[in-house]
Amino acid sequence: MASLRNANPRLKNYFKENYIPQVCEALLCGILVTCPEDPLRFLEGMIMVIIKSGLQNLLWDTCIAPSMKPNIRRLSETYLEQLFELDDQLMTPELMIKACSFYTGHLVKTHFCTWRDITHKNENVALADKMNRAVTCYDFRLQKSVFHHWHSYMEDQKEKLKNMVLRIQRIIYCHKLTIILTKWRNKARCKNKKKEDELMSKHELQLKKWRNRLLLKGASAEKSNFPEQSSSEVCLVDETLECDISQLPERAILQIFFYLSLKDVLICGQVNHAWMLMTQLSSLWNAIDFSTVKHAIPDKYIVSTLQRWHLNVLRLNFRGCLLRPKTFRSASHCRNLQELNVSDCPTFTDESMRHISEGCPGVLYLNLSNTTITNRTMRLLPRHFHNLQNLSLAYCRRFTDKGLQYLNLGNGCHKLIYLDLSGCTQISVQGFRYIANSCTGILHLIINDMPTLTDNCVKALVEKCSHITSMIFTGAPHISDCTFKALSTCKLRKIRFEGNKRITDASFKFMDKNYPDLSHIYMADCKGITDSSLRSLSPLKQLTVLNLANCVRIGDVGLRQFLDGPASIRIRELNLSNCVQLSDVSVLKLSERCPNLNYLSLRNCEHLTAQGIAYIVNIFSLVSIDLSGTDISNEDLNVLSRHKKLKELSVSACYRITDDGIQVRLRFSVKEVLTLALCSDY
């Protein structure tokens, strides 16, 4: 059926007035629900029922049996009005969707606003709670910070007070000691003066007796006609007979014999019985140096000497001695031995070392340089020498890294403070790591003539040896700036590098930042050093010795920057040999900024003139100066003669110096050491 929405209004009114849609709806619902066998008769019967009941009481389920009526709720007055679209106000699906959407949106908006209000209220409460906790936390931290600063301040004040008390106590103690020492010194001087007076009076009395005897003997000699014997000879004979040094105190006798070599002591022991007794003083045999008589004394006498004085010997020196193994074995009888030097002994073996280590456990100093020892000796060191402090293995090339690993056995060599590994090119990075594990207390380390030494070796060593204060690396061309970076963990005071071309200004920057206690710096023949290095050294307040010989890139600017810093105050020794860019300006700065300079070398500084020589006179503390290879003349020597403290002057290869200049110089200073080698006019 076509839609009646756009139909004739008369037709629409007809439908409404005669209830056509309701009748059709009731009949259609009845036939659809009951499904009769004869639909036409069913419709006829239902029409008669509708006529009897009237159209006004017609419902959509009128034609349905009561038992079959469905339990549904209708949406509008009649379904057919919507079906035939007779009423424009009926709800359409589009309107339904729109209404549902509007209702849903309104519902969501209402609930969202409610939720938002609740949420905002909760957020405000939470925010207020957080603010309260933040204020409480801030107040607590502020109080903690204030208390921490107050505590630190009080601790500093307590420490200062404690230091002040200690200083006052130390001053009082020093003052007491000064008083005691002054009184003791005065008393000792009085006693010594009294003894000297007594001794002088005694000597004067003896001298008078000798003169009287000399006169008597001279007279008797004249009577006896002995003209060949002079009075002076008689005097010497009598004086020899009467003046016996054995009468001197034992301390004086020892002091006299300490100046003699072992050979001279032996000769003195053959003079007479009194002299033999003097040479047998036990203190005289505490230190025996066989190296001075290695070609004149037989092994048999060495063995007998060590057996006789084995309880008194503390120091033994066999350097360069070509002895039999049995002779070395006799040193094991010296139970109190503390120092042993067997360097350059080609016959010294591991077996000799075994006997000495078993018999002399108290050795503190051991020099095994240039011997044929192997890993067997390295195994003996930690096992027997528990107090070993100084060890030299220079140029011992027969031990390996495994021998260095033995140093950590037993009690180890943890008391070792001095170690010399010069020339031991067989040591690898692992060997240095073994040294670091076993000798953590090393203070002084010497590694010379070792071309295989690299930065990794030094890094492995200083990982655990952080107490090193002195390091000497000469003849190690592969060492670079990385070594100085690795040494930053050590408190270096003395460092020495020579002939290295890989060291640059960066190394000196590490010195400035990490080594404030450096006092000795030797960087001779390092071509990579420039003026920037000297600027980095200027803050070192403890620096006393600086050697930059053959550093040809150093000039007046760098030296001026160095001397402007605090390092110039304490500098005592300065070597600037072959620094050819230096001129008189540097010497003037030295005279102004170095009040304690004692030794100065300006060898081969070609730009030094007479004006610079005049500036040298103003360095009043100068004791020694080297001006070899400079353009110094006779007039300059005359200027230097005005210096009052100068004791040593070297002017080798100064071709303008003549005899006249030397005579003038010697006339003013006769105690001076003057070096004139290669002076052609002299």
Side-chain angles (χ1 to χ4, degrees), residues 522-527 529 531 534 545-560 562-563 568 571-682:
Y522 300 87
M523 289 290 181
D525 200 20
C526 295
K527 308 298 183 183
I529 297 176
D531 291 340
L534 285 176
V545 178
L546 178 61
N547 188 339
L548 297 175
N550 299 326
C551 297
V552 295
R553 300 176 65 183
I554 292 177
D556 293 330
V557 177
L559 188 59
R560 177 177 58 81
F562 168 73
L563 295 176
S568 61
I571 194 76
R572 292 188 295 102
E573 182 178 341
L574 184 61
N575 191 341
L576 299 173
S577 302
N578 295 319
C579 296
V580 294
Q581 299 184 24
L582 299 179
S583 63
D584 298 340
V585 179
S586 298
V587 182
L588 175 61
K589 200 69 177 177
L590 286 172
S591 64
E592 295 175 351
R593 298 288 299 171
C594 298
N596 299 313
L597 186 62
N598 300 135
Y599 303 93
L600 176 63
S601 177
L602 297 173
R603 178 186 290 264
N604 296 329
C605 293
E606 302 172 352
H607 299 291
L608 190 65
T609 63
Q611 187 64 38
I613 301 299
Y615 293 147
I616 292 176
V617 180
N618 296 328
I619 308 177
F620 302 110
S621 60
L622 200 62
V623 176
S624 173
I625 187 170
D626 188 355
L627 297 174
S628 303
T630 59
D631 199 27
I632 188 174
S633 62
N634 294 338
E635 292 77 8
D636 300 329
L637 279 180
N638 190 15
V639 173
L640 285 176
S641 65
R642 299 199 300 266
H643 200 291
K644 297 181 180 180
K645 292 186 178 181
L646 193 61
K647 296 182 180 180
E648 184 175 353
L649 173 64
S650 178
V651 288
S652 303
C654 295
Y655 302 108
R656 296 180 60 189
I657 296 177
T658 62
D659 295 346
D660 297 335
I662 298 301
Q663 291 176 359
V664 171
R665 182 63 186 157
L666 293 177
R667 187 164 59 249
F668 282 95
S669 181
V670 295
K671 296 182 180 180
E672 196 172 78
V673 178
L674 189 62
T675 305
L676 300 167
L678 300 178
C679 293
S680 58
D681 294 335
Y682 177 64

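Only heavy atoms go into these numbers, but all of them, side chains included; no hydrogens, no water, no symmetry mates. Everything quoted here is computed from the prediction, not taken from an experiment.
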Heavy-atom closest pair, residues [X] and [Y]:
| X | Y | answer |
| --- | --- | --- |
| S568 | P595 | O-CD, 4.1 Å |
| V639 | V617 | O-CG2, 3.5 Å |
| Q581 | R553 | NE2-CA, 3.8 Å |

[Y] side chain reached by [X] side chain, heavy atoms, under 4.5 Å:
| X | Y | result |
| --- | --- | --- |
| I529 | M523 | yes |
| L627 | D636 | no |
| L608 | D584 | yes |
| L646 | I616 | no |
| V587 | L600 | no |
| T630 | I613 | no |

Qualifying residues under side-chain contact (heavy atoms from CB on, under 4.5 Å), relative to [X], sequence neighbours excluded:
| X | value |
| --- | --- |
| E573 | V545, Y599 |
| A549 | A524, N547, N575, S577 |
| C579 | L576, L582 |
| E606 | none |

What do the steps show when you test L622 against H643 for side-chain contact (heavy atoms from CB on, under 4.5 Å), and what is the final call?
CA-CA 9 Å; L622 200 62; H643 200 291; 3.8 Å; yes
### Task
Mind jotting down which residue pairs meet the salt bridge (charged side-chain N to carboxylate O under 4.0 Å, His left out) criterion with at least one end in residues 609-624? Sequence neighbours excluded, please.
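As it turns out, there is no salt bridge (charged side-chain N to carboxylate O under 4.0 Å, His left out) pair with a partner in residues 609-624 once direct neighbours are skipped.
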Exercise for the section: Can you tell me which residue pairs pass the salt bridge (charged side-chain N to carboxylate O under 4.0 Å, His left out) test with a partner in residues 592-604, sequence neighbours excluded? Expected result: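 Output for this query lists R603-D626.
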Partners meeting side-chain hydrogen bond (donor to acceptor under 3.5 Å, both in side chains) with [X] (sequence neighbours left out):
| X | value |
| --- | --- |
| Y615 | Q611 |
| S621 | none |
| D631 | R656 |
| N604 | N578 |

Requested in this report: Go through the steps to decide whether L534 and L546 satisfy the test side-chain contact (heavy atoms from CB on, under 4.5 Å), and finish with yes or no.
Outcome: CA-CA 10 Å; L534 285 176; L546 178 61; 4.2 Å; yes
Any chance you could measure [X], atom [atom1], to [Y], atom [atom2], to the nearest 0.5 Å?
| X | Y | atom1 | atom2 | answer |
| --- | --- | --- | --- | --- |
| S633 | N638 | OG | CG | 9.5 Å |
| S624 | E648 | OG | CD | 3.5 Å |
| N598 | I571 | CG | CD1 | 10.5 Å |
| I632 | C654 | CD1 | SG | 6.0 Å |
| I657 | E635 | CD1 | CD | 10.5 Å |
| L602 | L590 | CG | CG | 7.0 Å |

Which residues share a salt bridge (Lys or Arg N to Asp or Glu O under 4.0 Å) with K527, sequence neighbours left out: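 K527 satisfies salt bridge (Lys or Arg N to Asp or Glu O under 4.0 Å) with D525 once adjacent residues are dropped.
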